Structure formats: C-alpha cells, structure tokens
Amino acid sequence: MTVFVVRRLGLLALSLLGASILTFALLRLLPGDAAASVGGITADKAQLRSIRHDLGLDRPLIAQYWTWLTEVPTGDLGHSQLNGSSVTGELGEKLRVTGPLVLGALVLALVFAVPLGMLAAVRRERRDGTAISVASQLGIALPTLWVGLLLILLFAVQTPLLPAQGFPVEGWADPGEASRSLVLPTLTLALSEGAVLLRFVRSATLDVLHRDYLRTARAAGRTRTGALLRHGLRNAAGPVLSMLGVQVAALLVGAIVVEKVFTLPGVGSMLVADVGNRDLVKVQGEVMLLVAIVLFVGFLVDIAQRLIDPRLADVRVREVTG
Amino acid sequence: MRRSALRIAAVLALAGPVLAACGSGGTPNPAADGANTQAPAPADSALDPNATARVRLVLEPTSLNLTTTAGVALEQVLLDNVYQGLLGVDTNADNKIVPALASGFETSPDGLTYTFHLTPGAAFHDGSPVTAEDAVWSLQQVLAPGSKQPNAKTLATIAGVAAPDPATVVITLRQRDTNLTWALTQRQGVIYKKGTDFAKLDTTENGTGPFRLDGWQRGSAITLVRNDAYKGAKAKVAKVVLSYIPDRNAANNAQATGQTDIETAAEATLLQPFTGNDRFTVLRGTTTDKYTLAINNAKAPLNNPAVRHAIRRAIDKDALIKSLGGAGVRLGGPIPTSDPGYQDLTTIDPHDAAAARKALADAGVGELKLTLKIPNIYPAAIGDVLVSNLKDAGIELTVKQQEFTAWLSEVYTARDYDLSLVNHAEPHDVGNFATPGYYFGYDNAEVRDWYAQAVAAPDERTRTDLLARIGRRVAEDAGADWLYQAQTLTVVRKGVSGAPQHHTSSRLNLAGIGITK
C-alpha cells in the first residue's frame, strides 16, 4: 500500500507539471493580451508597448513560465496583471462561495442519488422504479442553465422565499443570509449532477443484483434487501466511486455555469472574467487549482478503492477475476 | 492684462448644448415605457440619511487606477463620486461643464492662459486641503514624458502649469485649445494629493469627492461611503453598494425582488415587470453611445466610397432600433446629440436596398463577401439584422463574434477587418476621424485641417460650425456607418429619488440619490 501511495503521488506531481505546461501554452494562443485590456481604445502603440513592458509580457515565454512555475510550490500563485491583487488571496475568497456550493451539491446529490438509484434498480419493473428512472433521464436532459432560471422564477420571483441572485457583499459575516443565497444554486447543481449519479448507481446495482454471491447469500437465508446491503453495497461502491471522481470535475464545470446564472462571486465567474480580460497569471492560478482538485480527488478515489476492494492490491488476482 | 474675464457660466453656456439650436432628431422620445423626468426629490428631512442605496451596474472595472487603466467602467464609479478635477460635468444638462475643485476660471484674450480659482474648503479624504500645488503636480504627472495616463494626449497643448498662490492654478497653452476644459473634466484632469503613489491606487484612495471608497469585493461589488467632511452638497445616503450584475435577466430579477434600488442599463425588450407597475419608474436617458459600424476605409474594395455608401444604404436603421426594443435614436453622422457640432444627418444615405444593389453593380463589385467582427458583449440580434439587410443588397456577410480583448488586438490594433461593430461611448470623440492612424482607416486632409482649426477656434460658434462641417463631411464620405445612438433605461424603485438618468455608463453621480424614510 505504501509503495502504491508513493507511486500514485509521483504520478500526481507529474500530472500537475504537465497540466501547468499545457495551461500556460494554451492560454498564450488566445488573441489579445492584458496590455490591450489595460490600454483599451485610448492607448496608442507606444503606450501599448510600454504597458507590455511593465507587465513583463515582452519577456521570452520560457522565462515567464519559469517565473510562474518557481513561485507556485511556495503557494504564491502570482499577482493580477491588471490590479496587482494576490491570486492566492482572491482564490481563497472565491472558494468561500464555490467550496460550499460544490460540496453542498455533491453531498445533496449523493444523499438522493444513492438510495434512489438502488431503489430504481431493485424495483425496476414496478411503477416507482420506472418513475425514478424517467425522472433521472429528464434531469440529465435538462440544461443546468434552464433549471436554474426555473428555480429562480419559482422560488425567488413568484414566491419570494430566497434571493434571486448574488451573494452578500459582507460574505459570511451573516451566515444565515450567505447560506440562503446558496440554496438555489446548490439545488440547481445537485439536480443535474445527482441525475447522472443516480443513473450510475442504478446500473451498478443492477450489475450486482445478478451476481452469484448475491444468490448464494440469499440461499444462505438473507432477505434480498439484506443481501444487497451486506454484500452488494460494497461491490457496487467501486464503480460508483470512480464515477464520483469524474463527477467532481463535472461539478466544478457545472459550478461555472451556476455561478453565472446566479451572479455568484466564485472561482467560476472569476475564471470567466479573467479569461475575458486576459489576466493570464490569474487564469493560470485558477486553472491549476481546479486541475489540482480534480487530480487530488482522483488520487483519493484510487486509495479508497483499494481499501474497499482488497483484490485490487494483488495484481494477479485482478487479472484472474478480470 | 486679461481683457475678457469670462466667468465659468458664460463660457459653459457656449460650450454646452448646441442641440437646441440644431433641432430635431436628438430629443428622447417620451415613449410609454420611459419617462423623461423623475418626480421631484422630496425635502432632505423626508430622506433617511443613514440609508444604503443599492445600484446595479453592468461592467466591473479591472482596476481602480484611473492613471493607468483605460475604460469607462472606472470612470463611471470613480469620477465625481471619489475623485474630482478642476471642472466637472452635469449629465442632467447635456454634459454641461460645471465647477468642481475650481469655482471658476478666466481665459486670456489670446486664449492661451487659463486661470483657475480653487473652491474654498475643498479637501482630500485625509483631511488636507486641496492646494494649487497639488493641482500643478497632478497635471504635470499626466504631461510628463512616458506618462501612462491613457488620455494624456488630450492635454498635449499645455505648455506649463503654475501655482502663483495656493488658491490659483494657471495653465498656459502652446496654442489655443477649445478641447481643454472638456479634457479637464475627464480622468486626466483628476487632482491627486502631491506625491500620491499611483501604483497603490488599487488599494488606497485619497480623493476629494462626496464619497470615499469603502471596499471592492472583486467579481461582485464596490462599496462607497459618504464623506461627511465634504464641503459641497453632501451625499444624501450613507452608503452606496454598486453591484455588478452583467446578466440582464438576473438584473431584472434583482430589481423586481428588491435586491437593488436602481437598475441602470435595463434591457428595453425585458421591461414587462416594471411598466404599468407603480412600484417602479423607468427613466429614459440620453447617452453618447454611438453604435458604430466601422468600414475598413483602407481595404479594397471598401476603399471605394461608392461601396461604403452602398453598405450604409443597405441597412435599415429604423427596423434595427425597433428590434432592439426602441432604446435608441437614429444618428446619421459621427457626432451624438449632446456634443457640440451635432446636426441631423440621417438624410444622407437613406435606407434603400435596391439602390444599394445598383450602386454596387455600378462600382463593378459583383459578389461581395464581408466579415463583421463584433465583440460578444453586444446583442447578437444586431448581427442578425445586418446579415439579412446586407443580403438584400447582394452582400454576403459573415458575423464573427469575439471577446472584446480579441477585438482590441485584431481590429483596433492590427486593423485586420472588413466591418466591425463597437459602441464608441466616449463623448467628444469626433477627432478619431481626424486621426489618420485610427482603426477606421479614414483619412481626409480637409477634415484634418478643419479639426485643427476647430481645436484652435477663437470662439465657440466657429468651433461648433467647424465640428458640424466635419460631421457632415465624414458622413458624406461614408467614413463609417452609425447604426444608432443608444438611449439608456434606468429602473428606479419607488421611494428612491435623484437617480442618475443620462450618460450613466460613463459618469454616474451618486451624491443626489436619496431614499425616503
């Protein structure tokens, strides 16, 4: 297990390095730069040159990359090219919105998707099972944007229960108000991600239902539900877990859309604005943070799978069982 | 030796609106969904001095440094409210130039010396008085070689700035410059305390305005608090929260549900929640937002005026304005209704698709395929209308939406385009057509000459006449096309008075906003 963790950590570091090169290079392909953003439609060519020089945009790309790369491990993601604010500091602020949003949606999605997905599998030939299944299909089909707008219309405009948009200017100083403004966004994100997860739990459970060990357990006297919970859950958890790793990435992407619909000052809207302004040092920091989160979750999922399924520890056994 | 001592009001009456003299076209239309006037403000005793006003804005600035970063988003928040120059602008009186840190000024008969008298009692937010030395220092920073001030060139005629005594600032010019007073009302005219570290303006401010900068929650809001030590008319509310809500539906929801008190730049096609609802007033305001279809004058076959005229004739402006909800007026030339030199030029190149088609054929241009580059912040509907209009005239138009930053580098800097659409929001910017290097690619020696004469004009009438002549010539040359001059709609909650109505995207004086107890 230790060797596995060390090897897996090495892979994580390599992936991050690769991602940093890719992020840096791809962003440089975008037309326009921060100097254009600063100069607007009033700066002449000489002023643009001077702005470019001040921002260090006329330095060789390798040098720009190296400066950034050597700062990142110290936790310093650099400073905005437009207003000098610390990228790490601003990300910290924005995570106070995006963090609760994504985690809340993940928990909510899990709480509903796991039991309902299992129910839909077990009762797949009954009305309720079919109903859940159809509802989840619908959940996947509906665009997040539309769901968000609908929820705003229903619960903020027609029945003014919750704020229609935005996050309190004072942040979490008033936890009640801050939480209230995250209810609809969290629900929007959870609905679309939960629907996907539900489909996956359902098919993983269906797969397990036909396994020999479940029949054996029932022959040994367990009820179907008992057998499923005792033996099926652990076996179905593996694929669901790896799906969850992918889902975290989907949640982060979904958060960008949801933050836009609800005008939330989170990492997603920060990213969109900074790309627009070509504040590339900030964009690099934001993308790297998101990439790091996804890779780290993948790492955790791999470890968790080993713990759940000891067969994975022995490569030979894995090959035999296929 | 000053023969004529003109008090500020006299000068400004001249510099102000020529609109009235020039007549039709510019007066906003009091349509059913927009009022020209708001109810008179209640007495101050009826207002809550501790209130917070919440205002929706669209475009968040990327920096709070007026000395380096271009863009109207900074000016909208900071000018008049936090920072001031010697002169200011009254947006409710067609951008009339008004006193600010200077209570008045005189010009010498040769027009080369301007003497400003500082407003008694004016002070920086740190308590220190505004002195002539501060003004001299601030203007010298703009004039210094290598100045990063985006608008520095508008003060290029200044030969020297001096402070004969602590309350007097004397500006001497190399040549007459009728644009000087206007330039001093803008960001390049802001007076900072001598020795201010411009690199720190993003985090600290020491302005002179009726508000202090309280905080900037990036991606969300900027908050201003009342400067209780302000000597002029104090702000009527204790605090203003400027919320940046780019999405028009979200902004409407915020206003309809009471999250904001004032919604600026409301979408004309989405006013249903507010019209016929006595909880809200919708104000219709003038702007200098010129939705300008740049036609690359330097590129064949667009270098042929006949082709440019054909393009202009192909576009049905009335239908376009209608499709955008009617929040605009036709504009036939480069000068908007509230700028000096405005005249109604909409009779030049009237809409006629058949005539456009014929003109193209006569010019020997058969199949014309053009690309329109348009920043994605503008309504996509504009592109659709243009495609269909130009198709009627036999021109195949491809619309390429792009980010504004990409537009800046491809179109504005590299001039790689056929047609481009941008809102030129700045007032007094007809000089762009007298600048041969500008991205329009327009160059007319006579226009350049007239502009130089207008800048150096001995009196306001001569200047206005010359500017009007430039406007007409540029339109007759089809130097560009002007789709419309936008009107701006502001939704105000009942109980809120003194909301800014005109020119709100470039200047938003918040001190007059009051909230009833």
Side-chain angles (χ1 to χ4, degrees), chain A residues 30-48 50-51 54 80-85 90 93-94 97 149 152-153 156-157 160 162-171 181 259-279, chain B residues 54 60-65 68-72 146-154 199-200 202-203 215-221 223 241 243-247 249-254 256-260 273 376-377 402-410 412-413 422 424 426 432 437 439:
Chain A
L30 288 174
D33 61 13
S37 214
V38 172
I41 58 167
T42 38
D44 54 33
K45 286 189 170 164
Q47 276 180 321
L48 275 180
S50 139
I51 297 169
D54 288 348
S80 160
Q81 292 170 309
L82 299 181
N83 55 52
S85 64
E90 203 179 326
E93 250 170 63
K94 301 293 189 253
V97 177
L149 291 177
I152 292 172
L153 196 64
V157 178
L162 294 159
Q165 60 84 43
F167 193 71
V169 173
E170 298 81 17
S181 52
E259 284 174 10
K260 193 130 183 66
V261 175
F262 289 90
T263 326
L264 291 177
V267 180
S269 32
M270 180 183 173
L271 184 64
V272 173
D274 291 338
V275 171
N277 296 326
R278 298 292 183 271
D279 201 343
Chain B
R54 295 153 307 162
E60 185 177 6
T62 53
S63 153
L64 299 180
N65 189 341
T68 54
T69 306
V72 288
S147 157
K148 298 202 170 58
Q149 171 57 252
N151 298 355
K153 50 186 169 293
T154 62
K200 289 187 178 151
D202 269 311
T203 45
W216 181 14
Q217 292 75 37
R218 289 188 180 81
S220 163
T223 40
V241 177
S243 290
Y244 290 96
I245 311 176
D247 184 81
N249 284 303
N252 265 4
N253 288 337
T257 60
Q259 287 187 309
T260 50
N376 56 13
I377 40 181
Q402 54 187 185
E403 284 176 299
F404 189 62
T405 347
W407 181 89
L408 281 172
S409 73
E410 281 182 23
Y412 180 75
T413 308
V422 154
H424 280 272
E426 305 74 16
N432 288 337
Y439 82 97

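Quick note: numbers below take in every heavy atom, side chains included, and nothing from hydrogens, waters or symmetry partners. These figures come from a predicted structure and were not determined experimentally. Residue numbers begin at 1 in each chain, while the letters A, B, ... track the order of the sequences.
For the set A:Glu93, A:Lys94, A:Lys260, the entry with the most heavy-atom pairs within less than 4.5 Å of chain B is A:Lys94. Interface summary for chain B: among A:Ala43, A:Ser269, A:Gly276, the most heavy-atom pairs under 4.5 angstrom belong to A:Gly276. In terms of heavy-atom pairs under 4.5 Å with chain A, the best-connected choice from B:Glu60, B:Gln402, B:Arg218 is B:Arg218.
Nearest heavy-atom pair, A:Pro31 versus B:Ser409, reported as atom, atom and distance to 0.1 Å: C-OG, 3.9 Å. In terms of heavy atoms, A:Gly39 sits closest to B:Ala70 at O-CB, 3.1 Å. Pairing each heavy atom of A:Val169 with each of B:Ala221, the nearest pair is CG2-CB, 3.9 Å. For the pair B:Tyr412 and A:Ile41, the tightest heavy-atom approach, listed with the atom from each and the gap, is OH-O, 3.0 Å. The shortest heavy-atom contact between A:Phe167 and B:Ser220 is O-OG, 4.4 Å.
Between the side chain of B:Gln259 and the main chain of A:Gln165, a donor-acceptor pair closer than 3.5 Å is present. At least one donor-acceptor pair under 3.5 Å links the side chain of A:Gln47 to the backbone N or O of B:Gln149.
For B:Thr257, the part lying near chain A is the side chain, with the backbone staying farther off; criterion is any non-hydrogen pair under 4.5 Å. With a 4.5 Å cut-off on non-hydrogen atoms, B:Ser243 does not touch chain A at all. With a 4.5 angstrom heavy-atom cutoff, A:Ser37 touches chain B via backbone and side-chain atoms both. With a 4.5 Å cut-off on non-hydrogen atoms, B:Glu426 touches chain A through its side chain but not through its backbone. Of the two parts of A:Leu48, only the side chain, counted from C-beta on, holds a non-hydrogen atom closer than 4.5 Å to a non-hydrogen atom of chain B. Heavy atoms closer than 4.5 Å to chain B are found nowhere in A:Pro160, neither backbone nor side chain. For A:Ala273, no part lies near chain B; criterion is any non-hydrogen pair under 4.5 Å. With a 4.5 Å cut-off on non-hydrogen atoms, B:Tyr244 touches chain A through its backbone but not through its side chain. For chain A, no part of B:Ala256 is nearby; none of its heavy atoms comes within less than 4.5 Å.
Looking at A:Asn277 and B:Thr405, their side chains never come closer than 4.5 Å, going by heavy atoms from C-beta outward. Contact annotation: the side chain of A:Thr263 approaches that of B:Pro246 to within less than 4.5 Å [non-hydrogen atoms, C-beta and beyond]. Counting only heavy atoms from C-beta outward, the side chains of B:Lys148 and A:Asp54 approach each other to under 4.5 Å. Annotation: side chain of B:Thr62 is not in contact with side chain of A:Asp279 (no heavy-atom distance under 4.5 Å). When side chains are defined from C-beta on, B:Gln217 does not count as touching A:Glu170, because their heavy atoms never get closer than 4.5 Å.
To the nearest 0.5 Å, atom OG1 of residue B:Thr69 and atom CD1 of residue A:Ile51 are 8.0 Å apart. Here CG of A:Asn83 is found 7.5 Å from CG of B:Leu64. Values are rounded to the nearest 0.5 Å. From A:Arg278, atom CZ reaches atom CD of B:Glu403 across 4.0 Å, with rounding to the nearest 0.5 Å. Rounding to the nearest 0.5 Å gives a distance of 7.5 Å between CG of A:Leu149 and CG of B:Asp247.
Residue pairs meeting the salt bridge (charged side-chain N to carboxylate O under 4.0 Å, His left out) criterion with at least one partner in residues 32-45 of chain A, sequence neighbours excluded, are A:Asp33-A:Arg52.
Applying the side-chain hydrogen bond (donor to acceptor under 3.5 Å, both in side chains) test to B:Asn253 and every residue at least two apart in sequence or in another chain returns nothing.
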